[in-house]
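Here is the naming used below: chain letters follow the sequence lines, and residue numbers restart at 1 for every chain.
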Amino acid sequence: MAIIENGRTKYIPQQFERKWQDRWEEEGLYRAQDFSDKPKYYLLDFFPYPSGDGLHVGHSKQYVGTDVATRFRRMRGDNVMHPMGWDAFGLPAENEAILQQIPPYENVPKNVANFKRQLRLQGISYDWSREINSSEPDYYRWTQWLFLLMFKRGLAYRGIGMQWWCPQCKTILANEQVENGYCWRHHDQLVEKVALEQWYFRITDYAEELLESLNHLSWPERIILMQRNWIGKSTGADITFQARDAQGVEYPIRVFTTRPDTIYGATFMVLSPEHPLVDVLTTEEHRARVTQYQQQAARQSEIERLSAEREKTGVPTGGHAINPFTNKEIPVWVADYVLMSYGTGAIMAVPGGDERDWEFAKKYSLPIVRVVEPPSPTEGSDDVYAGIGVMVNSGPYEGMQSEDAKSRIIAELEQRSVGHAATNYRMRDWLVSRQRYWGAPIPIVYCESCGIVPVPEEDLPVLLPTLEHFEPGEDGRSPLALDPDFVNAPCPKCGGSGRRETDTLDTFVDSSWYYLRFCSPHDDQAPFDRTAVRYWCPLDLYVGGAEHAVMHLLYFRFFTKVLADAGLVEFREPAPRLLNQGTMHAPDGKRMSKSKHNVITPDSVAEQFGADTLRGYIVFMSPYTGDAQWDPQGINGIHRWLGRVWDLCQKPARKSADREPQAEELKRWVHKTIKRVTADMESLEFNTAVSALMELTNALQRLRPALEGSEAWGWGVRSLLTLVAPIAPHITEELWHSLGHQRSIHLESWPTYDDALTLDEVVTVVIQVNGKLRDRLEVPRGTEMQSVQEQALASKRVQPYVEGNQIVKVITVPDKLVNIVVR
RNA sequence: GCCGAGAUGGCGGAAUGGUAGACGCUCCGGUCUCAAAAACCGGUGGCCGCAAGGCCGUGCGGGUUCGAAUCCCGCUCUCGGUACCA
């Protein structure tokens, strides 16, 4: 320790931070105890993928914040669980392994070790005894078990369909993983459509509950909104139109519409190019054009669909259908603005009431009938109007309000058996199979005589073989398909020869239940111990980036609901409270990334300033939920502050008695600060908590000459240290021990305050004339406002503005302000 | 296009109807030093003024109020989400 003068030392964090990190871990300070009389608090960070790039200070923004909250909660007396684990399966790990020519089963542990080292050097207080890794058999064994649970409950099924294929990932993607037609991992890679048989989870069975219970979550509004939009519920009706082919054979075309009230305006129908009835209804004279259109749509639909204001295209089939309400024959067209994947893949087109249909009708000169009049007729009558209003051209419904007509028309549909009320969701089932190596094998065997056979629970895990060649092929088959030892397996049912499923599970399956595993991370009898889960879950606070708004957060809610229905958990929402930490940008304002060479690592900052300065700066620079930009200059402020805290705790030059009024002032400062910091910690507003602590530090420094060595002084310094402890755990621990304490400061109780002492004895009352500030008066708190008003009127600064004017009224707010209104 | 969030000094930000700019960064001046760095002390929204002090000021325009960064109406810009969902 560098001693500078008369026993005082200099703040050199590098000399002691490591020492405390090691000691905390040896003593198991942060181990969560299963079951306790204390209130439990389960705080979880989103499951991170341990990238080979390691952590940068952007990650620290999240992890330091949750760590501060965790440490605060412990001092408040909660039994806290704050675990950490690794979302180690999946494409990023596999791609990285391929790039480095190291198999993922060797590369991942290396990366994990580096992540742990980086988290430790920041003084983050995880309970490492609960560490989990989704790519290890004792974890994915239970991921497979949960797949089987889905299978048993009829929620896992195989289906054929047009799927999104990313040529770079060389695998199928779920809908949620396609952004604007591009792969979510390769933002310049357009996805392609291929027809494949895949495994799905029936998440749509839960669409309604997933939507409804959003209303009861304490989540950021925009995340709730994004989920709501994703689920995309719409209500209306299913209606069947009768169509005829050239031979006069009738075929029903089922459509979904949100506006059954506009049915009298349905002047044509549109089928999506993939619709099965297209081939049937197309007449010979139109067949060539229709077939050509279908091929063209299949080939370029995704690229074309991206051009923003693309003109609609389509061709007539030559077939016709009957509008069941007007009884008129209407033409059936094919157009790619109707998607096979939504609703029924067919629509009734109402050009008078729908902008898209209107645009199409205009282009191809199809009839347009307005059936709903706007409340105030404005534009030309051939214009489209999609709102609600009064019914016209609608037979018996003429003159009715369109909303009333809607329910009556639905009733008529049902009565005539040509349709019924219906609800549609935009969300589709979750495609979970991936044609890649690095994931949990799907525990299924295909048997020639028994068909699809689940692997018995007692035979789990289906081990992922340690392949030397794990690169994905070009043929859409998993590398596992090339390993005969893996593929060939006896049928669990009949013992005959079978083939294993060679696709692996989407990583989002792994992360859909990890929060449960932390409750009993080493359980070898079940995915989780139900008693432990009953104690710890649901999460008290869940923190992560907004980029998982739809995918992970939807999937893990779905899993929880399935587990609840299976009687395995007793709650239906895993995370009633969720927070998104803001994003940290590099000093150049861009996103921090290795490829942009603008990464700032916690290692380099901690080496230069110490972990506490890093932590303090990260929480101080911007609100926790707000974005930030790393400013290499700004960190000096925190380092100076901690240096001042250090100095305050150095041996007093002398011993003295409490001196008034300074002792009283200090007392009020401390109580006031405890109140502010407690409130800020509770609401995770760490930036203002640091401000308050800096103010207390400054006050102590100012009062030092009068109070140093006194009882009040010692109490003030100890209070400061306990309040700073969650933010800067190392320096406070070091100083705490230097003050003679044996036990860790992190085992101290959070200080309490007396509300009466959080207010100053003297208050500043603001004197305004017509709302403009003219003077300030210092008066004892609680002074009668009548007397303050008199003093205000007597003030030399106030008088010039009052003299010669008539006082209309005087507004007073006790201990705050006097506003003299003159004319 | 639609939905959402936001705009406060040179910078990060504070204040959610009552002293705008807390707390920091930067910069300027001072102390210490042979000197520099570090540290410490003081100043730092703009304009006018020697000063006392005054005027202006929270994206823009209006409104409500004794009083508006804060509430209401209209607009501009920025960021995020979404994209033919019938």
Side-chain angles (χ1 to χ4, degrees), chain A residues 4 10-11 179-181 220-226 228-230 232-234 236-237 255-259 262 266 269-270 272 305-306 308-312 335-339 341-350 353-357 359-360 386 424-428 546-547 549-550 583 616-617 620-623 626-641 643-644 647 676 685 687-698 701 764-776 797 800 808-813 815-822:
Chain A
I4 45 175
K10 205 167 170 254
Y11 173 45
E179 299 171 346
N180 252 326
E221 200 49 45
R222 64 196 180 109
I223 302 288
I224 290 182
L225 217 87
M226 281 159 77
R228 201 170 278 148
N229 290 342
W230 183 262
K233 179 181 183 175
S234 41
V255 302
F256 171 74
T257 177
T258 54
R259 294 296 299 272
T262 64
M269 301 191 79
V270 185
S272 118
R305 211 155 269 174
L306 289 170
E309 290 277 309
R310 174 175 166 244
E311 202 177 309
K312 295 197 179 5
D336 66 2
Y337 82 91
V338 174
L339 309 173
S341 51
Y342 183 79
T344 61
I347 62 160
M348 64 176 209
V350 184
D354 183 282
E355 282 183 38
R356 294 155 301 181
D357 298 342
E359 196 190 312
F360 194 77
N424 239 292
Y425 298 91
R426 204 185 81 117
M427 182 173 69
R428 320 248 195 286
E547 65 273 15
V550 199
T583 312
Y617 183 47
F620 178 66
M621 63 195 301
S622 81
D627 290 348
Q629 188 173 326
W630 187 267
D631 173 8
Q633 303 265 38
I635 196 165
N636 295 325
I638 295 291
H639 198 61
R640 281 179 204 140
W641 168 55
R644 290 201 296 278
D647 288 340
R676 287 170 68 187
E685 291 168 288
N687 56 329
T688 46
V690 173
S691 293
L693 291 165
M694 285 175 166
E695 284 183 69
L696 177 61
T697 307
N698 295 345
Q701 210 160 31
T764 307
V765 175
V766 173
I767 313 300
Q768 299 177 337
V769 179
N770 285 351
K772 274 192 182 289
L773 178 74
R774 294 302 173 192
D775 199 5
R776 295 182 174 93
R797 293 179 206 242
V808 180
K809 61 173 160 178
V810 179
I811 285 149
T812 60
V813 180
D815 294 331
K816 280 232 152 120
L817 123 161
V818 176
N819 187 11
I820 303 158
V821 185
V822 301

*When the distance from CD of A:Glu355 to P of B:C2 is rounded to whole Å, what number comes out?*
10 Å
_Rounded distance in Å between the C1' positions of B:U16 and B:U70_ = 5 Å
*Look at the side chain of A:Asn424 and the backbone N and O of A:Ser234, then say whether any donor-acceptor pair between them is shorter than 3.5 Å.*
no
*Is A:Asp354 touching bases, backbone alone, or none of the nucleic acid, heavy atoms closer than 4.0 Å?*
nothing
*Quickly work out the A:Ile638 CD1 to B:G24 P distance and round it to whole Å.*
9 Å
*Under 4.0 angstrom, heavy atoms only, what part of the nucleic acid is A:Asp357 near: base, sugar-phosphate, or nothing?*
nothing
*For nucleotides B:C32 and B:C11, find the distance between their C1' atoms and express it as a whole number of Å.*
30 Å
_From the set B:C84, B:G18, B:G13, return the single nucleotide nearest to any side-chain atom of A:Asp336._
B:C84
*Please work out if A:Thr764 contacts a base, only the sugar-phosphate, or nothing of the nucleic acid, heavy-atom cut-off 4.0 Å.*
base
_Please report the distance separating the C1' of B:C34 from the corresponding atom of B:C50, rounded so that it comes out in whole Å._
39 Å
*With the side chain of A:Lys772 defined as its heavy atoms from C-beta on, choose the nearest nucleotide among B:C56, B:C66, B:C40.*
B:C56
*Got A:Asp357 and A:Tyr337 here, is their nearest side-chain heavy-atom distance under 4.5 Å?*
yes
_Distance check needed: B:G24 P versus A:Leu696 CG, whole Å only._
12 Å
*Nearest to the side chain of A:Met694, which nucleotide is it out of B:U82, B:C23, B:G12?*
B:C23
*Which part of the nucleic acid does A:Arg676 contact within heavy-atom distance under 4.0 Å: base, sugar-phosphate only, or nothing?*
nothing
*If the P atom of B:G13 is compared with that of B:G29, how far apart are they to the nearest Å?*
29 Å
*When we call it a touch if two heavy atoms are under 4.0 Å apart, what does A:Asn698 touch: a base, just sugar-phosphate, or nothing?*
sugar-phosphate
*asked:* Taking only the C1' atom of each, what is the distance from B:U8 to B:G46 in whole angstrom?
replied: 14 Å
*Same-atom distance (C1') from B:G45 to B:U58, integer angstrom*: 11 Å
*NA contact type, A:Gly232, heavy-atom cut-off 4.0 Å: base, sugar-phosphate, or nothing?*
nothing
*Proximal nucleotide (of B:U19, B:A86, B:C25) relative to the A:Leu773 side chain*: B:U19
*asked:* From C-beta outward on A:Arg774, which listed nucleotide comes closest to its side chain: B:C66, B:G54, B:U19?
replied: B:G54
*Would you mind reporting whether A:Asn770 and A:Val821 have side-chain heavy atoms less than 4.5 Å apart?*
yes
*Should A:Asp354 and A:Ile347 count as side-chain neighbours, where that means a heavy-atom distance under 4.5 Å?*
no
*Given B:C40, B:A86, B:C84, which nucleotide is nearest the side-chain atoms of A:Arg644?*
B:C40
*asked:* Between A:Tyr617 and A:Asp631 (side chain of the first, backbone of the second, donor and acceptor by atom type, cut-off under 3.5 Å), is there such a pair?
replied: yes
*With side chains defined as the heavy atoms from C-beta onward, is the minimum distance between A:Gln768 and A:Ile811 less than 4.5 Å?*
no
*asked:* Can a donor-acceptor pair be found, under 3.5 Å and without considering hydrogens, that links the side chain of A:Arg428 to the backbone of A:Ser341?
replied: yes
*asked:* On the nucleotide B:C25, are OP1 or OP2 found under 4.0 Å from the side-chain N or O atoms that A:Arg640 carries?
replied: yes
_A:Asn229 side chain near B:G4 phosphate (N/O to OP1/OP2, under 4.0 Å)_ = no
*Nearest-nucleotide wise, let me know which of A:Arg259 and A:Gly626 is further upstream toward the 5' end of RNA chain B.*
A:Gly626
_A:Lys816 vs B:G18: side-chain N/O to OP1/OP2 distance below 4.0 Å_ = no
_Syn or anti for B:G9, given that syn means the glycosidic angle lies within 90° of 0?_
syn
*Side-chain contact, heavy-atom cut-off 4.5 Å: A:Asn687 with A:Glu685?*
yes
_Which label fits A:Tyr342 and A:Phe256: parallel for a plane angle under 30°, tilted from 30 to 60°, or perpendicular past 60°?_
perpendicular
_For a 4.5 angstrom cut-off between non-hydrogen side-chain atoms, does A:Trp630 reach A:Ile635?_
yes
_Selected nucleotide, minimal atom distance to A:Asn687 side chain, candidates B:G13, B:G81, B:G4_ = B:G13
_Side chain of A:Gln633 (C-beta onward), nearest among B:U26, B:U82, B:A86_ = B:U26
*Write down the distance between CG (A:Asp627) and P (B:U78), rounded to a whole number of angstrom.*
17 Å
*Length of the CG-C1' vector between A:Asp631 and B:C23, whole Å*: 15 Å
*So, is A:Arg222 near the phosphate of B:C3, with a side-chain N or O under 4.0 Å from OP1 or OP2?*
no
*Would you indicate what A:Tyr425 reaches in the nucleic acid, counting non-hydrogen atoms under 4.0 angstrom: base, sugar-phosphate, or nothing?*
nothing
*Take atom CZ of A:Arg228 and atom C1' of B:U82, then tell me their distance rounded to the nearest Å.*
15 Å
*Would you classify A:Ser341 as touching base, sugar-phosphate or nothing, given that sugar-phosphate means primed atoms plus P, OP1 and OP2, and contacts are heavy atoms under 4.0 Å?*
nothing
*Starting from Watson-Crick (N1-N3 plus N6-O4 or O6-N4) and G-U wobble pairs under 3.5 Å, report the runs of at least three that RNA chain B belongs to.*
B:1-7 with B:76-82, B:10-12 with B:23-25, B:27-31 with B:39-43, B:45-48 with B:53-56, B:59-63 with B:71-75
*asked:* Among B:A86, B:U19, B:G12, which nucleotide has an atom closest to any side-chain atom of A:Arg776?
replied: B:U19
*Is there side-chain contact between A:Arg259 and A:Val350, with at least one heavy-atom pair below 4.5 Å?*
no
*If you check the A:Ser622 side chain, which of B:G13, B:C3, B:G18 turns out closest?*
B:G13
*Rounding to a whole Å, what distance do you find between A:Ile811:CD1 and B:G17:C1'?*
12 Å
*Using a cut-off of strictly less than 4.0 Å, decide whether A:Ser691 has a side-chain nitrogen or oxygen near OP1 or OP2 of B:G13.*
no
*Could you work out the separation of B:G30 and B:C77 based on their C1' atoms and round it to a whole Å?*
44 Å
*Which whole-number value in Å describes the distance from A:Glu685 CD to B:U16 C1'?*
12 Å
*May I ask you to say what A:Gln768 touches in the nucleic acid, namely base, sugar-phosphate or nothing, with a heavy-atom cut-off under 4.0 Å?*
base
*Between A:Val550 and A:Leu225, which is nearer to the 5' end of RNA chain B once each is assigned its nearest nucleotide?*
A:Leu225
*Nearest-angstrom distance, P atom, B:G24 to B:U44*: 14 Å
